[in-house]
Amino acid sequence: MDITKFNIDAPRWDQNLFVGRLKHFFNITDPRTALVSEQKLDEAKVLVESCRAGFVPPGTSVEKLHYAKKLYDSAFHPDTGDKMNLIGRMSFQVPGGMAITGCMLQFYRTVPAVVFWQWVNQSFNALVNYTNRNAASPITLTQIGVAYLTATSTALATAVGLNLYTKKAPPLIARWVPFAAVAAANCVNIPMMRQQEILNGIAVTDENNNKLGHSRRAAIIGISQVVISRIAMAAPGMILLPVLMERLEKFPFMKKIHFLHAPLQVMLAGGFLLFMVPVACSLFPQRCSMAVNNLEPELRDSIVNQYGDKVHYVYFNKGL
């Protein structure tokens, strides 16, 4: 193979298939990439960009190019090419999410504990949502603040309300309250954090990445898919772990090591997230397509007037 003709942006796996997307996201959400030094990430970016420009350093192997692209995709935003903050990267979802999820599931009995851990979780989610937004639609600090406060208030109201409501319910029901709060908050946090896309539309392109305009309908579809993915990411661990812990805590040996319950739930949550982060990210293509006929009339007419019947589908980055 002529390494100088290597197309580094060509997907290694078919992104139209779930299995192909799953392999891709297992690759770029690998938690080990969160430990890679800033210098290594910058070197990976230089190599990727030089390859795009048609220059590959002599002696560079295909494996090295693939690894550089893996680091690049895990740490740099697909729209801007800017380095994302560490906590907001999808590769940090396992270490960050496991600690918060485990604590939410363990400390659910008292209102102060519920308030604190839901606040921590929504702060983490807000940063993740902002980091993985479609960067073509800028958002002001005021809008970020409103989105954060709204989502946090929703999570706290849901969690505290259900916590008080389930005082007389079976213990397992109370253990599921954190998931209900997380799901409700995701339905608010993500649309609020990406409100500019809903109000002004998301950038859509043709198959060759030529910009065609902005579509609000595409934004709603993309954001809806992200909400579904985030809830699916949390669901298995936050639904099944309480069932498991409810049974385990009945054993005498578990009653003697109560101080280890929180670390145990953190580790088990990490096991779920290790698989569910890539699975949830793979539910829908990151580069979504939409038929021109389904666009807003004014955008559809603009595309037809400019390109005739040459463009049948538009494409957009839904974000993560």
OH-CG distance between Tyr130 and Asn85, expressed to the nearest 0.5 angstrom: 9.5 Å

salt_bridge(Glu249, Lys255) N-O dist < 4.0 Å: no

Thr29: side-chain hydrogen bond (donor to acceptor under 3.5 Å, both in side chains) partners, not counting sequence neighbours: none

Ala68 to Leu47 - nearest heavy-atom pair and separation: CB-CD2, 3.7 Å

Gly81 backbone acceptor or donor facing Lys45 side chain under 3.5 Å: yes

Report, one line per pair, each donor and acceptor closer than 3.5 Å where one atom sits in a side chain of residues 261-287; sequence neighbours left out.
unit_1, atom_1, unit_2, atom_2, d
His261, ND1, His258, ND1, 3.4
His261, NE2, Met254, O, 2.8
Gln265, NE2, Gln106, OE1, 2.7
Ser282, OG, Arg21, O, 3.3
Ser282, OG, Leu22, N, 3.3
Ser282, OG, Pro278, O, 2.5
Gln286, NE2, Asn317, OD1, 3.4
Arg287, NH2, Asp206, O, 3.3
Arg287, NH2, Glu207, O, 3.3
Arg287, NH2, Asn209, OD1, 3.3

Hydrophobic cluster membership, Val304 vs Met290, 4.5 Å side-chain cutoff: no

Donor-acceptor contact present, side-chain Thr152 to main-chain Leu149, <3.5 Å: no

Arg300 side chain near Asn293 side chain, heavy-atom distance below 4.5 Å: yes

Atom pair CD1/SG of Ile228 and Cys187 - distance to nearest 0.5 Å: 9.0 Å

Minimum heavy-atom distance between Glu246 and Pro171, given as atom pair plus value: OE2-CB, 3.5 Å

CA sep, side-chain torsions, deciding dist, call: Leu41, Val36, side-chain contact (heavy atoms from CB on, under 4.5 Å): CA-CA 7 Å; Leu41 293 176; Val36 175; 4.0 Å; yes

hydrophobic_cluster_shared for Met238 and Leu241, side chain cutoff 4.5 Å: yes

Heavy-atom pair with the smallest gap, counting every atom of Ile202 and Ala218: CG2-CB, 3.5 Å

For the student: nearest non-hydrogen atoms of Ala159 and Gln118, plus distance: CB-CG, 3.8 Å

From CA spacing to verdict: side-chain contact (heavy atoms from CB on, under 4.5 Å), Val204, Lys211: CA-CA 6 Å; Val204 296; Lys211 188 174 178 180; over 6 Å; no

Residues forming a side-chain hydrogen bond (donor to acceptor under 3.5 Å, both in side chains) with Glu296, sequence neighbours excluded: Ser215

With sequence neighbours excluded, residues passing side-chain hydrogen bond (donor to acceptor under 3.5 Å, both in side chains) with Lys83: Glu38, Asp42

Shared hydrophobic cluster, Val120 / Tyr148 (ILVMFWY, side-chain heavy atoms < 4.5 Å): yes

Flag, side chain of Thr60 to backbone of Pro57, donor-acceptor distance under 3.5 Å: yes

Sub-4.5 Å side-chain heavy-atom contact between Ile239 and Trp176: yes

Listed partners of Pro95 passing side-chain contact (heavy atoms from CB on, under 4.5 Å), at least two apart: Pro31, Phe92

Qualifying ring pair (Phe, Tyr, Trp, His ring centres under 6.0 Å) pairs, either residue in residues 57-76, two or more places apart: Phe6-His66, Tyr72-Phe76

Path from Leu299 to Leu199 over hydrophobic side-chain contacts below 4.5 Å: no

Minimum side-chain heavy-atom gap Val226-Lys318 below 4.5 Å: yes

Any residue meeting salt bridge (charged side-chain N to carboxylate O under 4.0 Å, His left out) with Arg247, in chain and number order, not counting sequence neighbours: none

Fellow cluster residues of Leu35, listed by chain then number, with links counted only when side-chain atoms sit under 4.5 Å apart: none

Lys/Arg-Asp/Glu bridge criterion (N-O < 4.0 Å) met for Glu298, Arg216: yes

Check: Asn27 side chain, Lys23 main-chain N or O, donor-acceptor pair, under 3.5 Å: no

Heavy-atom side-chain proximity of Cys288 to Gln225 below 4.5 angstrom: yes

Pairing residues for Met84 by the side-chain contact (heavy atoms from CB on, under 4.5 Å) criterion, not counting sequence neighbours: His77, Arg89, Thr131, Asn132

Test side-chain contact (heavy atoms from CB on, under 4.5 Å) applied to Gln122 and Leu156, step by step: CA-CA 9 Å; Gln122 287 313 310; Leu156 293 180; over 6 Å; no

4.5 Å side-chain heavy-atom contact, Leu105 and Phe179: no

Evaluation steps, side-chain contact (heavy atoms from CB on, under 4.5 Å), between His24 and Arg12: CA-CA 8 Å; His24 170 72; Arg12 293 178 64 184; over 6 Å; no

Ile87 reachable from Ile28 in the ILVMFWY side-chain graph, under 4.5 Å edges: yes

Any donor-acceptor N/O pair, Asp14 side chain to Asn16 backbone, under 3.5 Å: yes

Atom pair CZ (Phe25) and OG (Ser74), whose distance is rounded to the nearest 0.5 Å: 12.0 Å

From Phe316 atom CZ to Leu212 atom CG, the distance as rounded to the nearest 0.5 Å: 12.5 Å

For Lys70, side-chain hydrogen bond (donor to acceptor under 3.5 Å, both in side chains) partners two or more places apart: Asp30

Partner set under side-chain contact (heavy atoms from CB on, under 4.5 Å) for Pro112, not counting sequence neighbours: Thr110

Ion pair check, Arg194 and Glu197, cut-off under 4.0 Å: yes

Residues which pass side-chain contact (heavy atoms from CB on, under 4.5 Å) with Phe253, listed by chain and number, not counting sequence neighbours: Phe251, Ile257

Atom CZ of Phe18 with >12 non-hydrogen neighbours under 6.0 angstrom: yes

Exercise: identify the closest heavy-atom pair between Pro236 and Ala232: CD-O, 3.1 Å

Flag, side chain of Arg217 to backbone of Leu295, donor-acceptor distance under 3.5 Å: yes

Euclidean distance, Ser229 OG relative to Asn186 CG, rounded to 0.5 Å: 10.5 Å

Qualifying residue, where the test is side-chain contact (heavy atoms from CB on, under 4.5 Å) with Ser224 and the options are Val227, Ile220, Ile221: Ile220

Approximate separation, where rounding is to 0.5 Å, of Ile198 CD1 and Gln196 CD: 10.0 Å

